[in-house]
Asker: 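Quick one: the structure is below, and I'll ask about it shortly.
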Amino acid sequence: MTGLRFDLRDPPPGAAALRAEVRAFIAEHEHGWAPEVRARSWMGFDRDFTRAVGARGWIGMCWPTEYGGAERSFLDRNIVLEEMLAAGAPVGAHWIGDRQSGPLILRLGTEAQRQKFLPKITTGDYAFCIGLSEPDSGSDLASLRTRADRVDGGWVLNGRKIWTTFGHLCDWMIALVRTSPAPEGGSRHQGLSQVLVDLKAPGVTIRPIHDLVGEKGFNEITFDDVQLPEDALVGQEGAGWAQATSELAFERSGPDRYMSSHPLLEAGIAALRDDPAAATTLGRQVARLWTLRSMSTAVAGMLQDGADPVRQAALVKDLGNDFEQALPDRMRDVIDTDAMPEEMRRMHAYLTQIVPTFSLRGGTREIMRGIIARELGLR
Amino acid sequence: MGTTIGAELAEQATRALDDAAGVAVLRAVEDGAFPAAAWDALGALGLGVALVPEDRGGAGLGFLDIVPVLEALGRAGAPVPLAESIGAGALLSAAGIEVPDGVLTFAAAGAPVPWGRHATHVALVDGARVALYPAAALRWTHGTNTAREARDIPTPVAPMAEGTMPNAWGAEAAMLVTALLRSAQIAGAMQGALALAVDHANTRKQFGRPIGRFQAVQQQLAVFAAETSAVSVAAAAAARAADRRGLAGAAFEIGCAKVTAGEAAAKGAAIAHQVLAAMGITEEHSLHHLTRRLWSWREEGGTERFWSARLGALVQGTPGPLWTFITDRDEEPAA
């Protein structure tokens, strides 16, 4: 069960100074953030804010300087992420590119791809989304049917991706698609590849899907004979499954898996400072938050060491999702919604509706627990 | 989790426990016997003075170093009062009292003394005042906790030595040490119970296949495993804070660990019994030695409710954001 082992990590040297810098930066911008913006957390899309973050060097900050990075450690990056999430900053326009698309291109992309995409991610000019789910393929991702067929000079893409967050606002998608049929009697994981798709290319149709809050958060994206150039392929043809799963430690490990509701907890404590009856409930949340942070920081340390903590990431995501998902109801345990201060009430209303997504996005709760069960030797 | 030396000590302790302790020993202990053979096997490792500084004849280790040892003890159901001896040694030497040989234990004044009747010496801690007694000189009223571990009430006499806790350990040192020891032991007992549950799920067949092949069972055991990891991380992080800032300065972290451990203990025990079904309820099966300790240990060193109320009041009373409070407790390693 070594995959369930965690080693404590200390903050990196200079952590407090970096934290202070990020806080000062946030203080300059946060006056414009409505409660609903803060409650959206990393699902808040604000290209101007992203450009400002990029100008500070906090997007792609672990990447080589030649691609616009700052060659900082994962633990430094973790500090920036924590501070953004603690404040409910609208980081959605760069979150995916910084978290996984950029690292994927850096690791597996060609030199030309790195030069083309990475600097523009760090400035906020290129926003990325992920093309995994399809109308008939959710948790059973390998059943996906979107196809890229080889043609002269590149590929032609046909199919449909769904639930792509901010697809209508993003510039690029890295999609997992089938580039050759699964071998007869062989694994469905073969024949899949990852391709870069320009979302403004002809043949791409983006249909926003209204969500239960009444917003256009995610999309259905249809590809009708979309021409992809030769160099749209990321990494190796046919190795898409292994590539996509190796991204998962990046996708699932961060503080975004337990801090999505954090601004509501802050608002709750501020509103209930003088209420002794609330202490026990608040204390329980604080203890859980502290433990999750210790675990999440341990995973950041493993990434910094070049390990592949995909199981630990699944475990922290599962525990973290439970915590951030339950927070609105835990607040209701100690204060009636109509007694909440206006700002808190609006955050609470938004989060109550949106927290079910926390244990869906990035792999469902059931998939996370399946990963842990496999590590336990049960499957 | 923990340090290299801690991992080595834990390996030695695990070997000794495998050889000298087991279900039969736990049964005897719960019937009131002292496990002399197991104690001798563990005692040979010299762990009793683990936290005593080297210049006072100890091993000079820290709380973080011994977390893996405490987990190993917990996995075996803590058949010997080694955690208690380690804690007593730490408290006595912190108060400037020479640490005697033998079976040691400790408690906050007024609280039941773990293994009291079996100890050679007892440290009773009243606020910052520490008093050492030969156990035989005390009159004992025997009692037990839910796990049928000895929890005895002494009638104090004149102590053989007295001392005062340094400020860094504070007036709550006995409770804080207990909370820390029990949190790490809970992590271990959960690991032990999880292993039993996984083993059962892989061997018990229903509907023609091992029950562990059913997703409903897998998902429950995954939750159990996640909670177990959480307790282990929390205990280690609290121990690290205690090593760096002293017990009093680490009260927040120790409280967080104890809340995490107590909540997880309840979930883990419930899942273990659900998976083991009626078999796990029998006296014959070893599971209950672990689950009854989980239920008992969460009561000691402050319950979830006690610590949550404290933590909550602390953050309610601290001006500024919670996030600032938490990150201000980070400690960068010296450059």
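Naming: A, B, ... by sequence-line order, numbering from 1 per chain.
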Asker: Quick one: of A:D322, A:L289, A:L319, who has the most non-hydrogen atom pairs under 4.5 Å with chain B?
Answerer: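 Of the options given, most contacts go to A:L319.
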Asker: Heavy-atom cut-off 4.5 Å, strictly under: side chain, backbone, both or neither for A:R23 against chain B?
Answerer: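 For A:R23, the contact with chain B is made by the side chain alone.
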Asker: If we check side chain to side chain contact (heavy atoms under 4.5 Å, CB included) with B:S229, which of these qualifies: A:T291, A:L4, A:I372?
Answerer: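 For B:S229, the side chain to side chain contact (heavy atoms under 4.5 Å, CB included) test succeeds with only one of A:T291, A:L4, A:I372, which is A:L4.
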Asker: Write down the atom of B:A234, the atom of A:W290, and the distance for their closest heavy-atom approach.
Answerer: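 Where B:A234 meets A:W290 most closely, the heavy atoms are O-CH2, 3.5 Å.
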Asker: Closest heavy-atom contact between B:N202 and A:G377?
Answerer: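 That closest heavy-atom pairing would be ND2-O, 3.2 Å.
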Asker: Can you tell which part of B:Q219 gets under 4.5 Å to a heavy atom of chain A, answering side chain, backbone, both or neither?
Answerer: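 Its backbone and side chain both get close to chain A.
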Asker: Shortest non-hydrogen contact from B:Q316 to A:D275?
Answerer: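 What the structure gives for the nearest pair is NE2-O, 2.9 Å.
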Asker: Can you tell me which portion of A:E366 sits under 4.5 Å from chain B's heavy atoms? Options are side chain, backbone, both or neither.
Answerer: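 For A:E366, heavy atoms of backbone and side chain both lie under 4.5 Å from chain B.
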Asker: Where on B:F252 is there a heavy atom nearer than 4.5 Å to chain A: the side chain, the backbone, both, or neither?
Answerer: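 For B:F252, the contact with chain A is made by the side chain alone.
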Asker: Against chain B, label A:A314 side chain, backbone, both or neither, depending on which of its atoms sit under 4.5 Å from a heavy atom there.
Answerer: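 It is neither, since no heavy atom gets under 4.5 Å.
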Asker: So does A:E21 have more than 12 non-hydrogen atoms from other groups sitting under 6.0 Å from CD?
Answerer: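 Atom CD in A:E21 is crowded, with more than 12 foreign heavy atoms closer than 6.0 Å.
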Asker: If you count heavy-atom pairs within less than 4.5 Å of chain A, which of B:V259, B:L314, B:T260 leads?
Answerer: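 The candidate making the most pairs under 4.5 Å is B:T260.
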Asker: For B:W323 and A:E82, which I'm curious about, is there any donor-acceptor pair between the side chains at under 3.5 Å?
Answerer: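 No pair is found: no donor N or O on one side chain lies under 3.5 Å from an acceptor on the other.
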Asker: Could you pull out the closest heavy-atom pair between A:L315 and B:A225, with the gap in Å?
Answerer: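 In this case the closest contact between A:L315 and B:A225 is CD1-O, 4.4 Å.
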Asker: Name the option with the most non-hydrogen atom pairs under 4.5 Å to chain A; the candidates are B:E263, B:R310, B:E304.
Answerer: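 Top option by heavy-atom pairs under 4.5 Å: B:E263.
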Asker: Just by distance, with hydrogens left out, do A:T280 and B:S308 show a side-chain donor and acceptor under 3.5 Å apart?
Answerer: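 Absent: no donor and acceptor within the cut-off.
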Asker: Report which part of A:L378 has an atom under 4.5 Å of a heavy atom belonging to chain B: side chain, backbone, both, or neither.
Answerer: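 For A:L378, backbone and side chain are both near chain B.
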Asker: Could you look at B:R240 and say if it's the side chain, the backbone, both or neither that has a heavy atom under 4.5 Å from chain A?
Answerer: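 Contact with chain A is through the side chain of B:R240 alone.
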Asker: Flag the pair B:D330 / A:R293 as yes when at least one side-chain heavy-atom distance between them is below 4.5 Å, and no otherwise.
Answerer: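 Counting from C-beta outward, B:D330 and A:R293 do come under 4.5 Å.
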Asker: Check each atom of A:I371 against the heavy atoms of chain B and say whether the ones under 4.5 Å are side chain, backbone, both or neither.
Answerer: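 No part of it gets close to chain B.
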Asker: So which atom in B:Q218 and which in A:A373 form the shortest heavy-atom distance, rounded to 0.1 Å?
Answerer: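 It is CB-CB, 3.7 Å.
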Asker: What residue in B:A226, B:A201, B:G212 has the most heavy-atom pairs under 4.5 Å with chain A?
Answerer: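 Heavy-atom pair counts peak at B:A226.
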Asker: Among B:T327, B:T324, B:D328, exactly one meets side chain to side chain contact (heavy atoms under 4.5 Å, CB included) together with A:R19. Which residue is that?
Answerer: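 Checked B:T327, B:T324, B:D328 against A:R19; only one passes side chain to side chain contact (heavy atoms under 4.5 Å, CB included): B:T327.
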Asker: Could you check which of B:E227, B:K258, B:R305 has the highest count of heavy-atom pairs closer than 4.5 Å to chain A?
Answerer: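 Most pairs with chain A among the choices: B:E227.
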Asker: For B:A313 versus A:A279, what's the shortest heavy-atom pair and its separation?
Answerer: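 Shortest heavy-atom separation between B:A313 and A:A279 comes out as N-CB, 3.8 Å.
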Asker: Quick check on A:R9 against chain B: is it the side chain, the backbone, both or neither that has a heavy atom closer than 4.5 Å?
Answerer: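 The backbone, not the side chain.
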Asker: Can you tell me which portion of A:A15 sits under 4.5 Å from chain B's heavy atoms? Options are side chain, backbone, both or neither.
Answerer: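 Looking at A:A15, backbone and side chain both touch chain B.
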Asker: Give, as side chain, backbone, both or neither, the part of A:M259 having an atom under 4.5 angstrom from any heavy atom of chain B.
Answerer: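 Interface part for A:M259: side chain.
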